[in-house]
Amino acid sequence: MAPELIDELGGPYDRLWTLLEEERGGHEAARALARLLQAAAEHGEERVRVALEAGLAEGGFDELAIRRSLAAAQAPGEVTVPERLRGYRVERASVADYDRLLERGAS
């Protein structure tokens, strides 16, 4: 199944497969590919492709570095709050608050 999947995915996955199969063998290559495809489902195929291409351009496949890169890109950036809004406090609601609202709406 892996060759058909690799053909469908195209580059850079074909280069990755060749590299992993040579370094780790078919079974471990398939496991690494499955983890990478899971990351694509979580973070988007385009982001994973870009991270993978960058890693392969540096000469290898570092799965942990790719995961860190994806996580860092997902981390919230700094938000600048306008001066006139800085005095407001935003409180969090609990799940119980929503349960009470749903109970009221159902009656």
Side-chain angles (χ1 to χ4, degrees):
M1 169 153 178
E4 293 85 7
L5 179 60
I6 297 302
D7 286 343
E8 190 172 319
L9 291 170
Y13 294 94
D14 53 356
R15 291 184 314 225
L16 172 67
W17 180 257
T18 301
L19 175 74
L20 290 176
E21 200 170 33
E22 288 173 359
E23 287 181 355
R24 304 177 185 181
H27 290 293
E28 189 54 40
R31 289 183 187 108
L33 181 62
R35 289 188 298 268
L36 196 61
L37 294 177
Q38 177 62 39
E42 293 170 7
H43 301 281
E45 196 277 330
E46 183 60 30
R47 289 179 56 204
V48 171
R49 182 182 297 274
V50 168
L52 178 57
E53 286 174 343
L56 290 172
E58 292 178 8
F61 173 68
D62 184 344
E63 186 175 350
L64 184 57
I66 289 175
R67 287 235 175 235
R68 285 181 180 154
S69 169
L70 293 170
Q74 198 170 5
E78 186 176 315
V79 176
T80 304
V81 178
E83 184 67 39
R84 61 191 162 103
L85 298 177
R86 291 185 186 167
Y88 289 95
R89 179 185 164 147
V90 178
E91 295 183 20
R92 293 184 184 187
S94 70
V95 175
D97 293 336
Y98 292 105
D99 288 341
R100 283 191 292 275
L101 289 171
L102 289 172
E103 289 170 4
R104 286 184 201 161
S107 348

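Note that these values count all heavy atoms, side chains included, but never hydrogens, waters or copies made by symmetry.
Atom CG in Leu5 sits 6.0 Å away from atom CG in Leu37 (nearest 0.5 Å). Annotation: the span from Ser69 atom OG to Asp62 atom CG amounts to 10.5 Å, rounded to 0.5 Å. Atom CG in Leu64 sits 4.0 Å away from atom CZ in Arg68 (nearest 0.5 Å). Ile6 contributes atom CD1, which lies 12.0 Å from atom CZ of Arg15 (distance to the nearest 0.5 angstrom). Taking CG of Leu33 as the reference point, atom CD of Gln38 lies at 12.0 Å (rounded to 0.5 Å). The structure places CD1 of Ile66 at 4.5 Å from CZ of Phe61, a figure rounded to the nearest 0.5 Å.
Between Leu36 and Leu16 the shortest side-chain heavy-atom distance falls below 4.5 Å.
Counted within 6.0 Å of CZ on Arg86, heavy atoms from surrounding residues, nucleotides or ligands total more than 12; the atom is thus considered enclosed.
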> Does the side-chain contact (heavy atoms from CB on, under 4.5 Å) test come out yes or no for Tyr13 and Val48, once each step is laid out?
Replying inline: CA-CA 10 Å; Tyr13 294 94; Val48 171; 3.7 Å; yes
Would you be so kind as to tabulate the donor-acceptor pairs closer than 3.5 Å made by side chains of residues 50-58, with sequence neighbours excluded?
none

Can you give me every donor-acceptor pair (side chain of residues 20-29, partner residue at least two apart or in another chain, under 3.5 Å) with its distance?
| unit_1 | atom_1 | unit_2 | atom_2 | d |
| --- | --- | --- | --- | --- |
| Glu21 | OE1 | Trp17 | NE1 | 3.2 |
| Glu28 | OE1 | Arg31 | NH1 | 3.4 |
| Glu28 | OE2 | Arg35 | NH2 | 3.3 |

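Looking at Arg47, its side chain does come within 3.5 Å of a backbone N or O of Leu70 through a donor-acceptor pair.
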